[in-house]
**Q** 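Structure below; questions to follow.
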2 protein chains.
Amino acid sequence: MIGALNHIAIAVPNLDEAMEKYAGPLGAKVGKPKDLIEHGVTVVFIDLPNTKIELISPLGKNSPILSFMKKNPAGGIHHICYEVESISNAISKLTKDGAMILGDSKPKIGAHGNPVIFLHPKDFNGTLIELEEVKS
Amino acid sequence: MIGALNHIAIAVPNLDEAMEKYAGPLGAKVGKPKDLIEHGVTVVFIDLPNTKIELISPLGKNSPILSFMKKNPAGGIHHICYEVESISNAISKLTKDGAMILGDSKPKIGAHGNPVIFLHPKDFNGTLIELEEVKS
């Protein structure tokens with residue numbers, strides 16, 4: 001079912017410092033910060049030849065990553081995102097197989113404008129997994 | 001400097017259960033466990049179209065991931081690995097830019113038979129980064 005790794009999201013306390021680490025010592029191609037108000041994060045895309053890194057930092061008082069930042073004040077990998085052909089097929093299969101979908105089990109529109117769901121870390125080795133519908 | 005994302009390594013307490021999660025609900029192509037005695041881990045490769053997931057579990061009493069497993073008993077993302085063209089050029093650049101290379105700053109031979117180094121998570125937003133020399 002899962003296809004390509006769409007991105008790794010790394011939550012950081014200070015976006016400027018994190019961008020400088022990736023642009024400087026790691027010599028990566030770092031984009032510009034973009035506020036995603038409806039997602040409660042500011043995001044910076046780093047394009048790698050085969051996937052993307054997304055640096056995210058909290059935006060606003062209700063940012064969904066505030067509790068993660070409290071637990072991980074220096075930052076850390078927040079989630080990884082796999083592509084699927086059909087989010088509704090993915091929901092059917094995961095529900096049948098007993099995996100827990102976060103929220104109300106209905107897809108939301110993600111940061112790239114595609115339907116997404118999140119799977120509970122307790123079902124997947126302590127990793128928060130996002131599935132994003134990307135039509136091939 | 002950094003090129004493609006070579007892999008994401010996810011440390012898991014129970015390899016069989018983790019393999020079943022990826023083969024079952026996530027429907028991925030999961031390989032067979034392989035003991036890497038000199039690296040102190042048992043590893044399972046999961047091939048995605050654009051990169052790899054490596055499930056790792058501790059092997060032996062001196063496994064380098066034992067302390068991670070103590071802190072994260074349910075598992076979690078242990079490190080991410082970026083490819084570089086030249087590990088010696090990477091070491092020069094990182095040292096000049098003030099990043100801390102783990103160990104004695106000399107490359108080791110990694111799980112894929114290529115020279116690798118690890119960078120200190122405190123320099124990179126709480127993420128442990130492996131750099132692997134992969135000739136293009």
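We name chains A, B, ... by the order of the sequence lines, and we start the count at 1 in each one. For clarity, every value in this text was computed on a predicted model and none was experimentally measured.
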**Q** Give, as side chain, backbone, both or neither, the part of B:I10 having an atom under 4.5 angstrom from any heavy atom of chain A.
**A** side chain
**Q** Quick one, A:I2 with B:Y22, criterion side chain to side chain contact (heavy atoms under 4.5 Å, CB included). Give me CA distance, side-chain angles, the key distance, then yes/no.
**A** CA-CA 9 Å; A:I2 56 170; B:Y22 269 84; 4.2 Å; yes
**Q** Please tell me whether A:M1 and A:V134 are part of a single hydrophobic cluster in this structure, the criterion being side-chain heavy atoms less than 4.5 Å apart.
**A**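 Different clusters: A:M1 never reaches A:V134 through Ile, Leu, Val, Met, Phe, Trp or Tyr contacts under 4.5 Å.
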**Q** Please check if the side chain of A:K93 supplies one atom and the backbone of B:G24 the other of a donor-acceptor pair under 3.5 Å.
**A** yes
**Q** I need the residue from A:A99, A:A11, A:A18, A:P13 with the largest number of non-hydrogen atom pairs under 4.5 Å to chain B.
**A**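 Greatest number of close heavy-atom pairs with chain B: A:A18.
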**Q** Return yes when atom CG of A:D104 has more than 12 non-hydrogen atoms of other residues, nucleotides or ligands closer than 6.0 Å, and no otherwise.
**A**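 Result for CG/A:D104: enclosed.
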**Q** Identify whether A:I87 and A:F118 are in the same connected component of the hydrophobic contact network (ILVMFWY, side-chain heavy atoms under 4.5 Å).
**A** no
**Q** What part of B:L119 is in contact with chain A, defined as an atom under 4.5 angstrom from a non-hydrogen atom: side chain, backbone, both or neither?
**A** side chain
**Q** Applying a heavy-atom distance below 4.5 Å, give me the residues of residues 30-53 of chain B that approach chain A, sorted by number.
**A** B:L48, B:P49, B:N50, B:T51, B:I53
**Q** Would A:I129 and B:L26 count as a side chain to side chain contact (heavy atoms under 4.5 Å, CB included) if you check the C-alpha gap in whole Å, the side-chain angles of each, and the deciding distance to 0.1 Å?
**A** CA-CA 10 Å; A:I129 292 177; B:L26 291 178; 3.9 Å; yes
**Q** Between chain A and each of B:L131, B:I80, B:N14, count heavy-atom pairs under 4.5 Å; write down the option with the most.
**A**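 If we count pairs closer than 4.5 Å to chain A, B:I80 comes out on top.
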**Q** Is A:D123 in contact with chain B via its backbone, its side chain, both, or neither, using a 4.5 Å heavy-atom distance?
**A**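 For A:D123, heavy atoms of backbone and side chain both lie under 4.5 Å from chain B.
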**Q** What option among A:P73, A:A28, A:G27 has the most heavy-atom pairs under 4.5 Å with chain B?
**A**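 Heavy-atom pairs under 4.5 Å are most numerous for A:G27.
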**Q** Please identify, among A:L55, A:L128, A:T127, the residue contributing the most non-hydrogen atom pairs under 4.5 Å to chain B.
**A**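 Option with the top pair count is A:T127.
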**Q** Transitively linked via ILVMFWY side-chain contacts under 4.5 Å: A:V12 with A:L59?
**A** no
**Q** Of B:I77, B:N125, B:I8, which meets side chain to side chain contact (heavy atoms under 4.5 Å, CB included) against A:I77?
**A**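 The option that passes is B:I77.
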**Q** Please say yes or no: joined through hydrophobic side-chain contacts below 4.5 Å, possibly via intermediate residues, are B:M69 and A:F124 part of one cluster?
**A**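 Not linked; separate clusters.
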**Q** Report whether B:Y82 and A:M19 are members of the same hydrophobic cluster (ILVMFWY, side-chain heavy atoms less than 4.5 Å apart, transitive linking).
**A** yes
